[in-house]
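Remember, it's a predicted structure, so these values are computed and weren't measured experimentally. Labels below follow one simple rule: chain letters A, B, ... track the order of the sequence lines, proteins then strands, and each chain is numbered from 1.
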Amino acid sequence: MLETTQMSPQGNERIVNEVCMAICTVNGSGSATANNILYRSLFRMGILTSGKNIFPSNIKGLPTWFVIRASARGYTGRIVHDDVVVAMNPATIQKDATYILDGGVLFYADHLEKPEIKDKEVIFYPMPIKALMKQVDVPRNLQSYMENMLYVGIVGQVLRIPEEILKATIDHQFRGKPAIAESNFNIVKLGFQYALENIEKKDHFYLEQLPELKDYILTDGNNAGALGSLYGGVQFCAWYPITPATSLVESAIEQVGKLRKDPKTGKNTCVILQVEDELAAAGATLGAGWAGLRAMTSTSGPGISLMTENIGLAYFSETPMVIWDVQRVGPSTGLPTRTAQGDLSMIYTLGHGDTKHVILIPGTVTECFEFGWRSLDIAEKYQTPIFVLSDLDLGMNTWVTKRFEFPNQPIERGKIVWEEKLEKFKDWGRYKDLDGDGIPYRTVIGNLSEKAAYFARGTGHDEYGNYSEDPKNWSDMLGRIGLKLNGVVKDLPGPIIRRAKADADIGIIGMGSTHDAMIEAQDLLAEMGIQADYMRVRALPANTVVREFIASHARNYVVELNRDGQLRQILSLEISEYSEKLISISEIGGLPLTAAWTAEKIFAKEKHNGKNR
Amino acid sequence: MEKTVELNRLGLALADYKGKPSTLCPGCGHNAISNQIQAAIWELGLAPEKVMKISGIGCSSKSPNYFLNRSFGFNGLHGRMPTLATGASFGDSSVKILGISGDGDTASIGMGHFKHVIRRNVPMVYIIENNGCYGLTKGQFSATTDQGLVLKHQGVNLLPPLDLCMEALISGAPFVARTFSGDVKQMKELIKAALSQNGVAVIDVISPCVTFNNRDEALQSYSWGREHEAPIQGIAHFSKREDMQVENFEEGTYREIQLQDGSYMVLKKIDKDYDPTDRHAALDLLTESYKYHYFATGLIYFSEVPPSIQAQYDLPEEPLNRLSSDRLRPSKESLEAINVSLY
């Protein structure tokens, strides 16, 4: 089987800054902090890295894996096998060891049963975790947490992370709490010293300092989305907890008090309200949007299902609101802690009757920030609900990402009219298209003009909002809404394109967080003799650049994490004259995409088509 | 000769508070409610622009069309009126909220939202136009339909009714009242009192459906209501204390309560002394009145109003929806600090 861009160790060769390490622990044991310290340390050494958390739908006691892939070449997407496994969970050590590559490494807590590995060469580093713990005085409730800190020191030393880097990372992690930082560092140092004095390095993996990654930060997509919304001037968010969207709003709750005080009065300018269910979340957000507030909510697939009726009302009453869907595996309750891209089709036409929605699809954490504020502008400008489609991998994992850029344009409120401007209109109606762009002028509560009020409704209405069952009225109204939203394309982010190094017959198309794997797949395919241009779609409806990309290739492989090839289906619909050029490559298991799988599938299809060079 | 039109303290006539002509059935109880809402708000001297009307779906929820053309309205989703009201209440908290719903809208699909909007104390007058049936879908049982009632096409209702005043009381509403479309004077005074509070006020209006549920023996019919109505007290609302001198009240027979906006409610004893601030008495009254099938109307429960949901957020005096954009975006420096902290 094709094994990606991993380099198999040969002889005395040093493999520098290219290592994939799986840390296998028990959830709820405090391993997350330890894992983050290792991860952050690599970042501070200037090495591009990813850290993916594979965790169960559970609070304590079940296995969890944290996979760090360091790659100075920039290939940080998921790979199936590991160079290094750090085994701390007796329940899974036998299976965990099967993922190690030939020539790889197994660090294991030595009170666990050493696995027998017959079919490959593995270097074993037993870690005397229990014995070392006896040397320190740690309260019982911090035992397992501190055991994890030991492996940070041991693994760090063997892979040659400088002690000062580990210390700096720990100081950053516990900034403001020097005593805690010190006690954590002491444990790490204990492990580090042990390794320095007792472990003879037999493996080939080395980490070396590179120039600082000073244009980058480390954070997760949900935090970025929360910040983007706050910098986008969000004023109201009603929400209901659901994995993996919860941390988006919780991040906003943590930061709203500091970031969103009115400069004039010192009072709060953003309300975040936890409500009784997703129907209330959507309904309250809609009510706020109608009342003239910039409004947003965040949920996952099951929540979107519940919000459907309210979204339809927002669509037809032409009320602005932003809905984040941090996708997880569906259908149904699905796999709440696994990632997917399976809500696209549902959201595209969410709601009974003719509804068609605007969707932004961020692929990086930085884009989560950017789309957080842009979505509010687009929603208000077009007076419509708009979706931001993220996923668990992007939202809940910490990524190395470009620094957040301050919004490069002022907040867009769209066509809201107050008393003075309203007086100037000769014949205003809430749903009258006065400018010819399909976007009416809207008034909001509190407007003191006698002319301002109108009766919003989901039922048929005329241009003044009056109830109407007239067939032409209905058809014209719905038609204008359709027209209005066709115009939105010019305000949507276009695709990101990475051209092949030579002329490419084929295109590979993706969306969202599969980006890193797609880039690696593109390069793998090149090594296999197939030149492919890569395009990452960032919004729907698709614009002309997307159309031209598809048109200009003989075949386009649409790669996505769902069963039915939803992006391919939608692109076929929108760009129907080229639909035979679109071929689906999709899978749904709940884990992030791998470049190897992608390249293999495309290679096989190309070969089948007789196009292999 | 010019006919003099009576004006309220804002210089507005009753006609300035009207809506569109009703398309409900002639004699519909909801029409009485619409008229009394219009009269109450006019008498209070509230500007129509300072009121908004939110409704769900049903005959009840069509009624906001028939009053206050100059007030913003939103005819939303079945059962979901409270969620719209919750969000809208933050747009401009100087605009009072009238939430109009029905027994289908509130007691079935909307039960969860009903309880939670009360629990949250969203400042609004929540009016349930209760006719014990589903009118707009033509005559199904609702959750407030009396047990044993027979309706055409439905047969016999085997299930006991929910009591929405009881539900409101249990959820912690600081103002719970029941009234009747056949007692418009009481209804109007209750609406005025409800609008004087900055919290949730629930008024369950028994509002007969003349088309589908008006048989003499039915709990929510005009005739049964008129025959069995037992007001628990007389109620009058006064915007100013001075106006109270106009009525001559006998010592010991009345109680005056000052409302949050400085206006007054006067409760006049009828036969028994009923203390609406006594929660146990209220629970007993509701239990007894269902058990013995008498129709208690009036102010059932009243308490000090807890802080409204807005009070929990320390918001500016100015309406949130009028804040200029420069007050909504944090500074460039603050983003730089965040970038530094995330390195």
What residue in [options] has the most heavy-atom pairs under 4.5 Å with chain A?
| options | answer |
| --- | --- |
| V117(B), L315(B), V340(B) | L315(B) |
| H116(B), K115(B), M81(B) | H116(B) |
| E317(B), E336(B), Q310(B) | E336(B) |
| P82(B), G73(B), P64(B), S71(B) | G73(B) |
| V95(B), I309(B), L342(B), L320(B) | L342(B) |
| D326(B), T86(B), L335(B) | L335(B) |

Residues N65(B) and R457(A): side-chain donor-acceptor under 3.5 angstrom |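 Judged by distance alone, the side chains do pair up.
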So, S334(B) versus Y231(A): side-chain donor-acceptor pair below 3.5 Å or not?
->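 Y231(A) and S334(B) do have a side-chain donor-acceptor pair below 3.5 Å.
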Report which part of [X] has an atom under 4.5 Å of a heavy atom belonging to chain A: side chain, backbone, both, or neither.
| X | value |
| --- | --- |
| R327(B) | both |
| P316(B) | both |
| R119(B) | neither |
| I57(B) | neither |
| K20(B) | side chain |
| S331(B) | backbone |

Do the non-hydrogen side-chain atoms of [X] and [Y] ever get within less than 4.5 Å of each other?
| X | Y | result |
| --- | --- | --- |
| T83(B) | L279(A) | no |
| I338(B) | L227(A) | yes |
| L273(A) | Q312(B) | no |
| I445(A) | E49(B) | no |
| K264(A) | L323(B) | no |

Quick one: what part of [X] sits under 4.5 Å from any heavy atom of chain B, side chain, backbone, both or neither?
| X | value |
| --- | --- |
| T269(A) | both |
| R260(A) | side chain |
| V275(A) | both |
| S317(A) | side chain |
| D277(A) | side chain |
| E405(A) | backbone |
| A280(A) | both |
| Y467(A) | neither |
| Y216(A) | backbone |
| N466(A) | side chain |
| A452(A) | both |

Could you tell me whether the side chain of R44(A) and the main chain of Y343(B) form a donor-acceptor pair under 3.5 Å?
->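 Yes.
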For the pair D314(B) (side chain) and K267(A) (backbone), establish whether a donor and an acceptor sit closer than 3.5 Å, ignoring hydrogens and angles.
->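 Not confirmed, D314(B) side chain does not pair with K267(A) backbone.
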Approximate separation, where rounding is to 0.5 Å, of [X] [atom1] and [Y] [atom2]:
| X | Y | atom1 | atom2 | answer |
| --- | --- | --- | --- | --- |
| S325(B) | E412(A) | OG | CD | 9.0 Å |
| L328(B) | R294(A) | CG | CZ | 7.5 Å |
| T459(A) | K62(B) | OG1 | NZ | 9.0 Å |
| R329(B) | L259(A) | CZ | CG | 12.5 Å |

Crowding at NZ, K18(B) (>12 non-hydrogen neighbours, <6.0 Å) |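 No - once you tally the heavy atoms of other residues, nucleotides and ligands closer than 6.0 Å, there are 12 at most.
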Does CD belonging to Q409(A) count more than 12 external heavy atoms closer than 6.0 Å?
->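 More than 12 within 6.0 Å, yes.
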Specify the closest pair of heavy atoms between P330(B) and L230(A), including all atoms of both residues, with the distance to one decimal.
->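 For P330(B) versus L230(A), the nearest heavy atoms are CD-O, 3.5 Å.
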Do you know which of [options] has the most heavy-atom pairs with chain B at a distance under 4.5 angstrom?
| options | result |
| --- | --- |
| G446(A), A284(A), S449(A), A281(A) | A284(A) |
| A291(A), A453(A), P263(A) | A453(A) |
| N447(A), V444(A), L286(A) | V444(A) |
| L313(A), T398(A), V271(A), T443(A) | V271(A) |
| I272(A), V400(A), N223(A), T265(A) | I272(A) |

With side chain to side chain contact (heavy atoms under 4.5 Å, CB included) as the test, would you mind laying out the steps for E450(A) and D16(B) before giving the verdict?
-> CA-CA 10 Å; E450(A) 277 176 44; D16(B) 291 310; over 6 Å; no
F455(A) and F74(B) aromatic centres sub-6.0 Å |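 Between F455(A) and F74(B), the centre distance exceeds or equals 6.0 Å.
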May I ask you to decide whether R322(B) forms a salt bridge with E419(A), counting only side-chain N to carboxylate O separations under 4.0 Å?
->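 Yes, charged N to carboxylate O under 4.0 Å.
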Would you please classify the geometry between the F90(B) ring and the F236(A) ring as parallel, tilted or perpendicular, with 30° and 60° separating the classes?
->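 Geometry flag for F90(B) against F236(A): tilted rings.
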